[in-house]
Amino acid sequence: MSTENRYEDLYIFVPAMKQIIRIAEGTGDNLFPEDIEEGYADYIYYEQYELSQGFPEIDGGQVLLEELFRNKFGCTEDAIEDVLSMAYGNSKIDYVILKGEENENH
């Protein structure tokens with residue numbers, strides 16, 4: 001598996017919340033000068049979608065990191081607990097990783 005495949009966007013289903021979350025490596029363009037001054041170098045970007053008609057985006061955000069995403073995480077899947085903690089205040093909530101046939105990253 002190539003390095004790039006390990007860092008592709010990842011989708012998880014959180015049954016207790018009836019939501020799907022898209023998790024992505026930050027692009028770096030959402031850091032404010034004050035974030036950089038406070039020591040942040042990168043971030044995890046996430047979007048939360050509700051399982052209902054139209055599949056609306058209901059929340060999302062970013063988890064600020066003091067080191068580069070690819071230095072902290074060996075793959076996007078390694079960032080799941082940080083996102084769950086930010087989104088729900090609980091990094092141990094049950095989830096299922098959603099994979100397509102072409103997605104061989106884990």
Side-chain angles (χ1 to χ4, degrees):
M1 163 192 349
S2 76
T3 299
E4 288 306 310
N5 287 345
R6 292 191 331 233
Y7 293 106
E8 289 180 350
D9 292 3
L10 181 70
Y11 293 84
I12 63 172
F13 173 55
V14 182
M17 305 308 285
K18 296 182 180 157
Q19 294 179 359
I20 290 178
I21 301 178
R22 180 179 78 91
I23 301 171
E25 176 179 10
T27 59
D29 58 356
N30 272 357
L31 289 176
F32 293 113
E34 54 268 23
D35 295 331
I36 295 166
E37 288 173 16
E38 291 178 23
Y40 296 108
D42 208 350
Y43 57 91
I44 308 164
Y45 183 77
Y46 68 95
E47 299 163 340
Q48 294 167 253
Y49 297 91
E50 183 177 69
L51 290 181
S52 64
Q53 184 68 30
F55 200 59
E57 181 178 342
I58 58 167
D59 206 351
Q62 57 188 38
V63 179
L64 295 174
L65 304 172
E66 293 179 344
E67 59 188 296
L68 295 177
F69 184 93
R70 293 187 184 202
N71 290 345
K72 181 174 176 83
F73 304 110
C75 59
T76 304
E77 186 175 336
D78 292 346
I80 292 172
E81 286 191 4
D82 288 43
V83 170
L84 292 174
S85 181
M86 178 67 82
Y88 305 119
N90 179 0
S91 66
K92 302 301 182 192
I93 193 168
D94 288 335
Y95 64 89
V96 177
I97 297 173
L98 303 176
K99 297 180 186 179
E101 287 182 32
E102 72 285 348
N103 184 352
E104 302 177 339
N105 62 342
H106 304 286

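Residues: numbered from 1 along the sequence shown.
Formation of a donor-acceptor pair under 3.5 Å by the Y95 side chain with backbone atoms of E81 is not found in this model. Panel note: side chain Y49, backbone D59; no donor-acceptor pair is recorded below 3.5 Å. With hydrogens and angles ignored, the 3.5 Å screen pairs a side-chain donor or acceptor of T76 with a backbone N or O of E8. Without hydrogens or angle criteria, D42 side chain to F69 main chain gives a donor-acceptor distance under 3.5 Å. Although no hydrogens or angles enter the test, the distance criterion places no donor-acceptor pair under 3.5 Å between the side chain of Y45 and the main chain of V63. Side-chain atoms of D35 never come within 3.5 Å of backbone atoms of L31 as a donor-acceptor pair (strictly under, hydrogens ignored).
To the nearest 0.5 Å, atoms CD1 (I80) and CZ (F73) are separated by 10.5 Å. A distance of 9.0 Å separates NZ in K18 from CG in L51, rounded to the nearest 0.5 Å. For the atom pair CD of E25 and SG of C75, the computed distance is 11.5 Å after rounding to the nearest 0.5 Å. Of the inter-residue distances, the one linking Q19 atom CD with E47 atom CD reads 12.5 Å to the nearest 0.5 angstrom. Going from atom CD1 of I20 over to atom CG of L98 covers 5.5 Å, rounded to the nearest 0.5 Å. Here the CG atom belonging to D94 is positioned 11.0 Å from the CZ atom belonging to F13, to the nearest 0.5 angstrom.
Contact of the L84 side chain with the I21 side chain is registered, since non-hydrogen atoms from C-beta on lie closer than 4.5 Å. Counting heavy atoms from C-beta on, the side chains of I97 and Y11 never come closer than 4.5 Å. For the pair Y40/Q62, no side-chain contact is recorded, criterion being any heavy-atom separation below 4.5 Å from C-beta on.
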With side chain to side chain contact (heavy atoms under 4.5 Å, CB included) as the criterion, how do K72 and D82 come out once you've worked through the C-alpha distance, each side chain's angles and the decisive distance to 0.1 Å? CA-CA 11 Å; K72 181 174 176 83; D82 288 43; 3.7 Å; yes
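More than 12 heavy atoms of other residues, nucleotides or ligands sit less than 6.0 Å from atom CZ of F55. Surrounding CG of N90 are more than 12 heavy atoms belonging to other residues, nucleotides or ligands, all under 6.0 Å away.
Among all heavy-atom pairs drawn from A41 and L68, the shortest one is O-CD2, 3.9 Å.
One hydrophobic cluster, built from ILVMFWY side chains closer than 4.5 Å, cannot hold both L64 and I44; they sit in different ones. A chain of hydrophobic side-chain contacts below 4.5 Å, direct or via other Ile, Leu, Val, Met, Phe, Trp or Tyr residues, connects L65 to L10.
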